[in-house]
Amino acid sequence: VFSIRLGGLFLGALSLLFPSAACKPNHSVTLEPTIEEPDRPLAVLDMRDPKAARQLVRGFHRVEENSWRWTMGHFAVSLGTPPGASHNGASVVMKFSIPDALIERYKTITLSAQLDDKQLSPETYTRSGACEYRRDAPAALLEKDPVQVQFALDKYLAAGAIETRELGLVVASIALEPK
Amino acid sequence: MTKAARAAYWITPLAFCTILYWYGLKAWFLQDDFAWLGLQDEATNFASLLRTLFVPLAQGTIRPWSERAFFLIFSSLFGLHAFPFRLFVFLNQFLNLILVAILARKLIGAAPAGIAAPLLWLSNMALVIPMAWSAAYNEVQFATFFLAGIYLFVRYTETGDRKFYIAQWITFLFAFGSLELNVVYPAVVAVYSFACARRYFRSTLPLFAASIAYSAIHRMAAGPTQSYYYQTIIDPSILSTFGKYWAMLFGLTKPDDAGLSAWSATLLAALTIAIAGFVVQQARRQNFLPLVFLCWYLITLTPFLLISRHITTYYQAIPAIPMAMLGALALVTAWRSGWVWRIVTVGAISAYAVPSISAAAEGMQFYYARSQRIRHLIESVAYAEKLHPGKAILLRDIDDQLFWDGVRDSPFRLFGWTNVFVAPECRLQIHNDSHFEPLDKYFLPATPLLDLLKRDQIVVYSAEGTPLRNITRQYAENAFTHPAPEELAAQLDLGLPYLEVQLGEGWYRAEQEYRWMGRHAVLYLPGPDRAGQKLFLHGAFVDQQRSQGPLHLAVTIDGRPAQAHSIGPSQREFRFEYDLASDLIGKAKIEIGLTVDRTFRAGRDERELGALFKEAGLR
């Protein structure tokens with residue numbers, strides 16, 4: 001009798017398995033807060049990251065398609081210096097697209113940048129599409145944290161040219177990359 | 001007995017169990033638990049549920065009730081909250097203690113045996129792991145079947161009522177789903193009936209047929225074990241293995257200890273002589289019950305003597321039951337034999353119980369502390385995952401114990417976290433076991449690590465102390481100012497984004513565990529570290545490709561063409577291996593070029609798709 005009851009118990013337990021088989025797996029776990037580093041300025045501003053917005057100093061329009069932003073003709077960001085930058089230096093890297101309308105209208109555009117007070121060498125683009133602007137930033141310029149990088153286009157689409165906004169580049173990310 | 005005395009009689013062992021094994025109630029998961037906790041991901045419908053319950057798993061075991069069902073039910077109800085698991089184990093153990101009490105009282109014929117036997121069993125160190133580690137619950141559950149089966153058989157021999165015999169059969173058959181040790185159960189009842197109820201000896205013989213049939217079916221289903229540690233070894237080393245277990249039974253040594261101290265050896269000899277003397281003396285008086293208990297010990301231990309590469313304390317959880325009954329019988333007998341024997345027996349039992357209880361208490365704290373380190377680690381990583389979505393997580397200060405307890409069984413994969421790695425510098429502190437899979441996949445090599453740091457795609461946490469501490473900034477400062485030599489991963493999971501620094505031209509983004517290449521793609525691996533290592537490629541062949549006929553894959557290894565392979569229309573997956581030239585051994589980086597002879601476009605996707613890969617690497 002005892003054994004039959006025991007068998008019944010196991011059959012009962014087995015029947016409990018059926019809902020579990022149909023259920024979504026349960027991997028719930030308690031969260032234990034970690035000890036985090038003090039919040040500091042980001043060295044990489046990904047336009048998809050809402051936290052990056054506070055370091056867009058000026059010249060950026062709203063984020064679009066959750067991945068990029070239009071800039072104006074002049075725009076600036078504040079960037080945290082990456083680890084090792086005061087020792088090795090770093091690179092200013094901007095990933096962006098040049099809109100067809102800009103190249104069709106002006107044929108060439110030149111992008112110049114300034115890291116705090118230091119002018120970085122400009123670059124001229126002749127084709128629309130995905131581009132990268134990359135310049136070395138010497139260690140001496142990166143001793144303070146954060147630094148400001150100002151960008152300027154020699155030609156851009158003025159407000160009212162094709163829409164009400166002033167339009168420059170389509171930027172995906174701006175970063176100070178460690179070396 | 002008064003009502004209060006009767007209550008105390010039954011409650012005392014349960015209270016002792018709760019006090020001694022208290023830390024077991026609070027223990028968390030470790031090691032194999034994580035594999036069992038992942039079972040629920042595999043049981044997605046009725047067919048897969050049956051597969052999950054009955055297909056041989058770890059070391060070819062089939063334990064649907066004690067491992068599969070236990071973990072499936074509790075993890076689906078409670079996730080990774082360990083307390084319900086632990087509570088259930090304790091409740092099952094309470095049932096065992098009651099069964100031990102009933103059985104000891106019945107067999108020995110004295111009420112004090114019903115309290116002494118469970119207390120002596122609880123004092124044994126063999127119960128530490130089953131009471132602390134959910135993956136060892138099978139021992140606790142099987143004890144229920146084992147004790148219930150013997151009890152029913154004894155009742156059958158007392159009453160001749162076949163309902164007990166049938167109930168015993170049902171219990172016996174169910175027990176196969178709990179632990180393979182059940183194959184020796186027929187020998188246990190056969191010995192008992194031969195010594196104490198000879199008339200029923202023949203009724204035990206059909207049980208042997210069931211054990212033989214189970215062994216044959218199990219062997220067919222699971223095949224010979226591939227695990228080094230679980231291979232059967234029949235040679236004279238069985239005797240030394242027995243010696244080890246015998247000393248462990250009395251808490252005089254541990255599995256990893258090299259030998260016995262002089263004091264332990266003397267004590268072991270004294271206890272052995274005392275037990276042998278008691279058994280022989282009783283046998284000469286035609287009382288074979290002590291001999292039966294000793295035989296039960298040997299019978300239930302024998303299967304473990306054959307796997308001498310894996311000696312562990314908890315394998316004696318079941319063999320310790322008859323020895324506890326033997327101890328209870330010795331106490332009862334001594335009590336009836338005057339003060340000298342009382343003092344001698346109490347002295348002998350104390351010599352076993354006092355250090356064993358102390359060691360068991362220490363063992364429980366040790367397991368509890370280990371499990372808590374893992375809990376802190378995983379719960380902190382869970383928090384970090386929420387805090388830094390999309391980034392890789394690097395764990396520093398993972399020591400050997402923490403790695404083997406809480407990282408090696410991939411607990412992070414339970415949550416779908418494929419982004420958690422151990423820092424490469426921890427590798428030196430973690431011992432390698434050549435009988436297990438290589439540990440490479442757990443570590444992030446220096447070159448991809450530096451790449452992720454540069455791209456701000458990784459956060460680094462120190463596991464030194466609890467909770468985890470974010471040390472990304474300090475770690476990155478050191479990594480950039482003192483860069484490590486180039487070190488690439490020898491195995492690339494192409495479905496993950498963390499090793500992309502090892503991908504050259506021609507690859508698209510990772511998608512759902514796979515990654516497409518175009519017509520031509522390049523990847524980088526380290527050179528082989530020994531002769532005989534091969535390059536392997538693993539990928540899939542989708543329907544649209546198969547309908548266009550075979551796809552030819554040409555491979556170059558560091559610029560030299562390797563044997564070309566074709567992926568046939570009948571193949572859904574492909575796995576190719578390539579020899580590696582000996583002059584590549586030790587090179588920091590080799591280039592693998594992959595070219596297919598045609599591409600296609602899928603629907604509106606404008607990409608030119610060549611071949612779909614899952615893994616590439618050396619092995």
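Residue numbers start from 1 in every chain, and the chains themselves are labelled A, B, ... in the order their sequence lines are given, proteins ahead of strands. Note that the coordinates shown come from a computational prediction; the quantities given were computed from them, not determined experimentally.
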Item to check | Under 4.5 Å from any heavy atom of chain B - which part of Thr81(A) | outcome: both
Item to check | Toward chain B, the part of Pro82(A) with a non-hydrogen atom under 4.5 Å | outcome: backbone
Under 4.5 Å from a heavy atom of chain A, the part of [X] involved:
X	answer
Glu42(B)	neither
Thr472(B)	both
Ile471(B)	backbone
Tyr461(B)	side chain

[atom1]/[X]: more than 12 non-hydrogen atoms of other groups inside 6.0 Å:
X	atom1	result
Gln119(A)	CD	yes
Arg69(A)	CZ	yes
Lys95(A)	NZ	no
Arg473(B)	CZ	yes

Please find the pair of heavy atoms, one from [X] and one from [Y], that lie closest to each other, and give the distance.
X	Y	value
Val29(A)	Trp28(B)	CG2-CZ2, 4.2 Å
Glu32(A)	Arg375(B)	OE1-NH1, 4.1 Å
Lys454(B)	Glu177(A)	O-CG, 4.3 Å

Item to check | From CA spacing to verdict: side chain to side chain contact (heavy atoms under 4.5 Å, CB included), Glu36(A), His388(B) | outcome: CA-CA 11 Å; Glu36(A) 290 297 312; His388(B) 307 284; 3.1 Å; yes
Item to check | Reference residue Thr34(A); test side chain to side chain contact (heavy atoms under 4.5 Å, CB included); the match among Asn470(B), Leu387(B), Val381(B) | outcome: Leu387(B)
Item to check | Derivation and outcome, side chain to side chain contact (heavy atoms under 4.5 Å, CB included), residues His81(B) and Thr30(A) | outcome: CA-CA 8 Å; His81(B) 299 281; Thr30(A) 308; 3.3 Å; yes
Checklist entry - Do you know which of Ala175(A), Gly84(A), Ser28(A) has the most heavy-atom pairs under 4.5 Å to chain B? => result Ser28(A)
Item to check | Distance in Å, Arg455(B) CZ paired with Asp46(A) CG, rounded so as to fall on 0.5 Å steps | outcome: 11.5 Å
Next on the checklist: Please rank Asp456(B), Leu414(B), Thr466(B) by heavy-atom pairs under 4.5 Å with chain A and give me the top one.
Outcome noted: Leu414(B)
